[in-house]
Enquirer: 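After the structure tokens below, expect a handful of questions from me.
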Number of protein chains: 2
Amino acid sequence: MSRAHGRRLGRAGIRDVAAAAGVSITTVSDALNGKGRLPDATRRHVREVADRLGYRPSAAARTLRTGKSGLIGLTVTTYGEEPFTFTEFAYFAEMARAASSAALARGYALVILPGSTRQSPYDVWSNVALDGTVVIDPSDRDPVVTELVRQGVPVVSDGRPCGDLPVTAWVDNDHEAAVTGLLDHLAAAGARRIGLLTGTSTDTYTRLSTEAYLGWCERAGQDPVYEAYPAHDPCAGAVAADRLLARPDRPDAVYGLFDPNGTDLLAAARRYGLRVPDDLLLVCCSESAVYAGTEPPITTLSLKPGRIGTTVVQLLIDAIEGTGGGRPVQRIMPTDLIVRTSSQRRRRRTTVSAPRSPEQRGQA
Amino acid sequence: MSRAHGRRLGRAGIRDVAAAAGVSITTVSDALNGKGRLPDATRRHVREVADRLGYRPSAAARTLRTGKSGLIGLTVTTYGEEPFTFTEFAYFAEMARAASSAALARGYALVILPGSTRQSPYDVWSNVALDGTVVIDPSDRDPVVTELVRQGVPVVSDGRPCGDLPVTAWVDNDHEAAVTGLLDHLAAAGARRIGLLTGTSTDTYTRLSTEAYLGWCERAGQDPVYEAYPAHDPCAGAVAADRLLARPDRPDAVYGLFDPNGTDLLAAARRYGLRVPDDLLLVCCSESAVYAGTEPPITTLSLKPGRIGTTVVQLLIDAIEGTGGGRPVQRIMPTDLIVRTSSQRRRRRTTVSAPRSPEQRGQA
DNA sequence: AATGGGAGAAGAGACGATTCTGCAAGCCGC
DNA sequence: GCGGCTTGCAGAATCGTCTCTTCTCCCATT
């Protein structure tokens with residue numbers, strides 16, 4: 001069929017706009033994209049006609065021609081078939097939210113893609129044109145990452161990549177400083193023997209945090225007291241917390257590396273009749289607001305996933321647009337210790353029931 | 001330049017595969033896509049060569065040709081410039097997680113897109129080729145939805161659409177049944193006057209829930225006792241909770257429509273010296289696990305966002321692939337009342353502070 | 001022997017935009 | 001008045017894939 005202008009259903013093409021405006025395709029493209037040398041009158045006219053016809057350029061055609069899709073992949077390593085891990089849900093959710101915001105602000109959209117499972121996710125990956133990808137906690141020799149880098153697609157990781165994974169850039173917290181600072185805080189609150197609840201997996205977060213703990217212990221002249229458990233198992237945490245408090249060399253303060261450790265440890269402390277913070281100081285790493293409302297409120301270390309997400313996306317887009325300078329970049333982000341009752345040695349005796357104040361009545 | 005085989009940087013095209021395998025482009029395409037009439041030997045050979053060259057078909061070209069991108073948009077209405085609303089974060093996160101899983105399982109990927117703000121998000125929308133879109137709680141005459149439907153893109157909404165928004169299908173909870181059941185539960189626990197903490201906005205969730213409450217009150221012969229506040233304001237909830245408990249006709253049970261209402265009401269109750277559940281029964285609608293750990297644990301109504309997300313995506317993909325039958329579909333999903341201490345009248349006497357005579361007068 | 005038909009493979013457009021190149025005017029200085 | 005410059009626009013190639021159509025064998029049937 002050489003008669004190509006069959007007035008297809010609904011959607012107007014650039015040809016239709018050109019015909020309706022009495023100009024060439026080139027002129028329409030230039031007018032709409034602010035390129036070329038055109039008088040404002042022509043530009044306005046073309047825009048007007050395009051609006052009237054409800055013209056939307058085909059994203060696929062544009063992507064094919066320009067090689068840029070405006071799409072950024074977002075991947076998390078998965079332990080089951082679910083794309084988010086149970087224990088880190090709050091972290092991921094906040095990180096993804098911030099990343100999405102940052103991407104949209106610069107004209108990109110985020111595509112949620114499965115991590116590198118051994119299943120069959122390759123179709124989905126090669127079915128979408130990506131300008132770049134964010135990977136959260138890539139594993140050692142992640143095949144997807146390797147493949148993407150080979151194709152020249154920029155990859156920025158949240159979390160220092162293990163091994164020699166050739167990512168374009170990465171962002172991570174200063175886990176060393178975070179753990180050291182937190183242990184100092186506990187020591188200042190009177191802790192003599194600080195325990196650690198850690199994980200058995202080999203990701204960088206677990207590894208760096210544990211190493212920082214061991215280093216601190218050595219410097220402080222304290223014997224390490226820790227229990228490790230498979231962090232992706234939602235039940236194992238409570239058991240490990242119990243084990244830690246059942247030890248003969250029971251610690252008088254504990255730091256838990258994972259989000260649920262706070263409640264796990266609190267429950268374990270209750271079982272052993274330990275009062276928090278009087279008999280046991282508690283800190284855990286968490287993004288959840290739960291710990292502001294527990295009894296007592298628990299001090300948490302926040303990794304500030306929002307800031308991480310924003311930074312990761314900024315670096316990625318810089319790399320995509322060539323703004324970044326081309327050299328591999330790594331960015332270390334600070335953490336936030338939110339100090340609550342559980343890590344403060346008996347400040348004042350808080351009365352259990354709140355004092356009734358009739359003055360609280362604001363509304364008349 | 002007719003010399004088109006410039007051995008571009010890295011990426012092999014279908015032409016390169018054809019040349020390397022000594023066959024035509026057609027044969028390569030057919031071999032890799034399982035189409036055409038080819039002997040297995042040829043198919044294998046082509047696949048082998050393609051693998052060796054690390055060939056990945058161009059998603060953009062395929063999309064342009066076939067008209068299918070394998071991409072599904074996900075939109076939430078925004079109140080600020082953030083893509084998620086504060087009060088409904090947990091709901092959105094879980095819904096998006098489930099939707100993403102369901103989409104990936106059927107070979108589609110989710111693209112996170114901004115809701116219809118008056119800002120300038122049109123670029124992003126028209127820069128991505130979508131096979132369909134999920135919208136969460138679309139507003140009355142959402143321009144993006146209208147535009148998409150006009151272009152023939154299927155749109156499925158989470159939440160019954162207001163007005164006559166022409167969505168392809170929608171999924172929602174049975175809010176009427178949920179609220180009625182919950183109020184019955186409170187009444188059975190001994191509540192005589194049940195109050196409501198609701199919102200001022202006009203979305204269907206707020207509207208349907210409030211109407212269900214009013215209807216129940218009428219049937220039960222109880223005067224409605226409620227306070228409404230702008231739900232998107234994170235501070236207003238606490239104030240409204242306070243107002244509700246300060247009323248002369250103070251309710252002896254309250255249902256809060258929004259996630260933070262539980263803690264807001266709990267705090268307000270403490271300020272007025274009301275014990276939960278002895279003096280005040282509490283239920284709020286929330287997806288957060290916080291309420292299992294509060295003192296006391298609070299009964300929550302879960303909207304089961306995971307089920308909603310899965311269903312929405314299934315319906316959308318059915319519509320995209322023409323599996324659904326073509327007629328508009330609406331699906332009503334059940335909710336889950338998770339009963340905890342806060343809505344159970346004095347099971348056993350917990351030894352707290354002695355019961356104080358409730359000053360029912362309140363207002364001086 | 002001629003024909004029909006099926007298997008195997010190749011040719012040649014689309015798909016819908018971007019963009020490089022080129023062409024016709026108009027205007028300037030000399 | 002003429003060459004060279006800018007301005008305003010059009011032609012046509014190209015991006016990489018899918019797919020409709022065609023073409024050639026080759027064997028079995030009539």
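It should be emphasised that the depicted structure is a prediction, and the values quoted were computed from it without experimental measurement. Naming: A, B, ... by sequence-line order, numbering from 1 per chain.
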Enquirer: Return no unless some side-chain N or O of A:Tyr55 is found under 4.0 Å from OP1 or OP2 of C:dG16.
Expert: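 False: A:Tyr55 side-chain N/O out of range (4.0 Å or more) of C:dG16 OP1/OP2.
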
Enquirer: Would you say that A:Thr42 contacts A:Thr27 through its side chain, given a criterion of any heavy-atom pair below 4.5 Å between the two side chains?
Expert: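 Heavy-atom side-chain distance check passes, below 4.5 Å.
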
Enquirer: Take the protein atom CG of B:Asp30 and the nucleotide atom P of D:dT21, then report the distance between them rounded to whole Å.
Expert: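 Computing the B:Asp30:CG to D:dT21:P distance gives 15 Å.
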
Enquirer: Indicate, with a heavy-atom threshold strictly under 4.0 Å, whether A:Thr42 touches base, sugar-phosphate, or nothing.
Expert: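 Result for A:Thr42 = sugar-phosphate.
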
Enquirer: Could you walk me through whether B:Lys68 and B:Thr63 pass the side-chain contact (heavy atoms from CB on, under 4.5 Å) check?
Expert: CA-CA 5 Å; B:Lys68 255 80 189 75; B:Thr63 299; over 6 Å; no

Enquirer: To the nearest Å, give me how far apart CZ (A:Arg62) and C1' (D:dT14) are.
Expert: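 Going from CZ in A:Arg62 over to C1' in D:dT14 covers 17 Å.
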
Enquirer: Would you classify B:Leu64 as touching base, sugar-phosphate or nothing, given that sugar-phosphate means primed atoms plus P, OP1 and OP2, and contacts are heavy atoms under 4.0 Å?
Expert: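 Counting heavy atoms under 4.0 Å across all strands, the contact made by B:Leu64 includes a base.
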
Enquirer: Expressed in angstrom and rounded to an integer, what is the separation of B:Leu38 atom CG from D:dT19 atom P?
Expert: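 It is 14 Å, rounded to the nearest whole Å.
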
Enquirer: Take atom NZ of B:Lys35 and atom P of C:dG8, then tell me their distance rounded to the nearest Å.
Expert: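 To the nearest whole Å, that distance equals 19 Å.
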
Enquirer: Take A:Arg65 and B:Ile14, find for each the nucleotide of DNA chain D with the closest heavy atom, and name the residue whose nucleotide sits nearer the 5' end.
Expert: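 Comparing both residues, the 5'-ward one is A:Arg65.
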
Enquirer: Once hydrogens and angles are ignored, does a donor-acceptor distance under 3.5 Å link the base of C:dT18 to the side chain of A:Thr26?
Expert: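 Between C:dT18 and A:Thr26, which were checked side chain against base, a qualifying N/O pair under 3.5 Å is absent.
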
Enquirer: Would you indicate what A:Ser29 reaches in the nucleic acid, counting non-hydrogen atoms under 4.0 angstrom: base, sugar-phosphate, or nothing?
Expert: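 Base: the residue A:Ser29, judged by heavy atoms under 4.0 Å, touches a nucleobase.
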
Enquirer: Can you measure B:Arg37 atom CZ to D:dC25 atom P for me and round it to whole angstrom units?
Expert: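 It works out to 16 Å between those atoms.
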
Enquirer: Using the side-chain contact (heavy atoms from CB on, under 4.5 Å) rule, pick out the option among A:Val312, A:Leu316, A:Asp158, A:Val134 that qualifies with A:Val171.
Expert: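 So, applying the side-chain contact (heavy atoms from CB on, under 4.5 Å) to A:Val171 and each of A:Val312, A:Leu316, A:Asp158, A:Val134, only A:Val312 qualifies.
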
Enquirer: How long is the line joining CZ of A:Arg15 and C1' of C:dG16, in whole Å?
Expert: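 Answer to the nearest Å: 7 Å.
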
Enquirer: Counting only side-chain nitrogens and oxygens, does B:Ser24 get under 4.0 Å of the OP1 or OP2 atom of C:dA10?
Expert: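 It does, given that an N or O in the side chain of B:Ser24 lies less than 4.0 Å from OP1 or OP2 of C:dA10.
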
Enquirer: Select from B:Pro39 and B:Ala61 the residue whose nearest nucleotide in DNA chain C is closer to the 5' end of that strand.
Expert: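 Of the two residues, B:Pro39 wins.
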
Enquirer: Walk me through it: do B:Ser29 and B:Thr26 pass the test side chain to side chain donor-acceptor pair (under 3.5 Å)?
Expert: CA-CA 5 Å; B:Ser29 178; B:Thr26 308; over 6 Å; no

Enquirer: So which heavy atom on B:Gly132 is nearest to which on B:Val153, and how close?
Expert: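 Taking B:Gly132 first and B:Val153 second, the nearest heavy atoms are CA-CG1, 3.6 Å.
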
Enquirer: Whole angstrom is fine here: how far is it from NZ in A:Lys68 over to P in D:dC15?
Expert: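 It is 16 Å, rounded to the nearest whole Å.
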
Enquirer: What is the separation between atom CD1 on B:Ile25 and atom P on C:dC15, rounded to the nearest whole Å?
Expert: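 My rounded result for the distance is 18 Å.
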
Enquirer: Counting any heavy atom closer than 4.0 Å, what does B:Ser58 reach on the DNA or RNA strands: base, sugar-phosphate only, or nothing?
Expert: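 Sugar-phosphate, backbone atoms only, no base.
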
Enquirer: Give one of base, sugar-phosphate or nothing for A:Thr27, where a contact means two heavy atoms less than 4.0 Å apart.
Expert: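 The answer is sugar-phosphate, as A:Thr27 gets under 4.0 Å only of primed atoms, P, OP1 or OP2.
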
